[in-house]
Student: 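Before I ask anything, let me first share the structure, which is written out below as structure tokens.
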Amino acid sequence: MPELRKDPVIGRWVIIATERARRPDQFNGRTNGTPKVDGPCPFCEGNESQTPSEIYALRPNRSAANFPGWNLRIVPSISPFLKIEGDLQRRGKGVYDLMHGIGAHEVVIETNQHIANMADLNEEQIAKVITCYIDRINDLEKDIRFKYVLVFKNYGWPAGGGRIRHTRSQLIATPVNPKRVKEELAGARLYYDYHERCVFCDLIKQELESKDRLILDIDGFIAVVPFASRFPFEVWVLPKKHSCDFTSLDSRQRLELAKTMKKVLSKLKIGLNDPPYNYVLHTAPFRRQKAGYWKSIDYDYHWHIEIIPRITRIAGFEWGTGFYICPIAPEEAADFLRKVEV
Ligand SMILES: [Zn+2]
Ligand SMILES: [Zn+2]
Ligand SMILES: [Zn+2]
């Protein structure tokens with residue numbers, strides 16, 4: 001059973017993923033270079049037997065589960081960080097807090113074709129991926145053990161993308177709210193308390209006016225390089241219309257978001273020579289807590305996607321301070337990405 005442990009000083013939870021346990025001598029300090037892939041791709045159509053049994057699939061001709069005939073599939077992770085069965089048993093041990101590592105860890109296989117980068121899917125297919133994120137978040141919300149679902153993507157080996165070059169993303173439902181999300185919620189609420197406006201809405205308005213860091217303005221969405229970028233060519237995608245909840249997107253908005261994502265990811269691919277990248281979806285946590293707990297979240301929080309090309313490494317200063325050193329001005333990065341033709 002994996003375990004969640006809380007750092008007693010700053011309150012950060014970590015996952016001790018014992019399911020992936022290796023003996024200490026199996027860890028190797030030299031982890032450079034992409035390892036070779038052997039055997040057929042388990043995520044391609046026809047190889048369904050190589051993945052755990054599917055949780056969800058789009059099967060236009062109603063073909064049988066775990067057989068060919070799908071165009072998008074979700075399966076449990078073969079090496080989950082968290083386990084779906086059991087209860088949390090949150091407890092204290094002296095100064096320490098811990099609980100069972102309960103959660104859901106799912107892999108979204110975004111296409112039946114052997115395509116590596118989401119940038120190369122068509123808009124309709126990306127919109128289907130967005131719909132399946134929404135369906136899974138809504139379904140996982142029914143499990144009252146969970147407080148949050150993080151949707152994310154690791155593309156390329158240096159971004160944690162694994163050996164197999166078949167486009168996929170992941171969802172992890174957690175029994176505690178992630179620290180990063182809580183920091184954003186707290187910051188947004190503080191700004192709202194003072195200004196009675198959403199900080200993200202204000203930021204969007206300013207970026208649309210100045211255009212200094214604006215990459216795209218498509219229908220209901222914008223893509224910007226954030227003012228205080230942590231990483232070179234970091235990009236945020238935000239809905240122009242205020243909403244704290246990603247799952248509230250209607251079908252037209254899903255297609256518009258797909259269009260925006262395809263453009264941004266294609267610009268990164270073409271402009272930066274197909275870099276590894278991560279993206280994360282930041283949306284409101286499940287709102288079924290104590291009365292009043294998320295009282296103002298509908299007004300003060302604004303969902304968004306953060307895309308981070310992995311072209312620099314986090315080094316000692318970042319680890320030691322929480323400061324990030326971004327080697328290019330966000331305005332220059334935005335100007336470059338704006339000019340990349342896709
Ligand atoms: Zn494949
Ligand atoms: Zn807003
Ligand atoms: Zn965020």
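Read the numbers this way: they start at 1 and go in the same order the structure lists the ligands and their atoms. Heavy-atom basis, side chains included; hydrogens, waters and symmetry copies ignored.
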Student: Just so I know, are the side chains of Tyr96 and Arg91 near enough to count as touching, which here means a heavy-atom distance under 4.5 Å?
Tutor: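 Answer no - side chains too far apart.
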Student: Verify the ring-centre separation between Phe231 and Tyr324: is it less than 6.0 angstrom?
Tutor: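 Yes, close enough.
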Student: With ring centroids as reference points, do Tyr301 and Phe200 lie under 6.0 angstrom apart?
Tutor: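 Yes, ring centres under 6.0 Å apart.
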Student: Centroid-to-centroid, Phe286 to Tyr148, below 6.0 Å?
Tutor: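 No; Tyr148 has its ring centre 6.0 Å or more from that of Phe286.
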Student: Could you tell me the angle subtended at the Zn ion (ligand 1) by SG of Cys41 and ND1 of His114, rounded to 10°?
Tutor: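 Taking the Zn ion (ligand 1) as the apex, the two atoms subtend 110°.
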Student: If you consider just the N/O/S atoms, which atom of Glu184 is the closest one to the Zn ion (ligand 3)?
Tutor: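 Atom name of the closest N, O or S in Glu184: OE2.
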Student: Can you tell me if, anywhere in Cys198, an N/O/S atom lies at a distance from the Zn ion (ligand 2) that is smaller than 2.8 Å?
Tutor: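 Yes - counting backbone and side chain alike, Cys198 has an N, O or S atom under 2.8 Å.
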Student: Would you mind naming the N, O or S atom of His304 nearest to the Zn ion (ligand 3)?
Tutor: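 Going through the N, O and S atoms of His304 one by one, NE2 ends up nearest to the Zn ion (ligand 3).
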Student: Look at Arg213 together with Asp335 and state whether they make a salt bridge at an N to O cut-off of under 4.0 Å.
Tutor: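 Looking at Arg213 and Asp335, the cut-off is not met.
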Student: For the Zn ion (ligand 2), find the closest N/O/S atom on His302 and give its atom name.
Tutor: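 Nearest N/O/S atom: ND1.
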Student: Rounded to 10°, how big is the angle at the Zn ion (ligand 3) from Glu306 OE2 to His282 ND1?
Tutor: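 An angle of 100° at the metal.
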Student: Of all N, O or S atoms in His242, identify the one at the shortest distance from the Zn ion (ligand 2).
Tutor: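 Closest N, O or S atom of His242 to the Zn ion (ligand 2): ND1.
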Student: Can you tell me if Gln125 uses its side chain to pair, donor with acceptor, with the backbone of Asn122 under 3.5 Å?
Tutor: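 Absent.
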Student: By atom name, which N, O or S atom belonging to His166 lies closest to the Zn ion (ligand 1)?
Tutor: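 Closest to the Zn ion (ligand 1) among those atoms: ND1.
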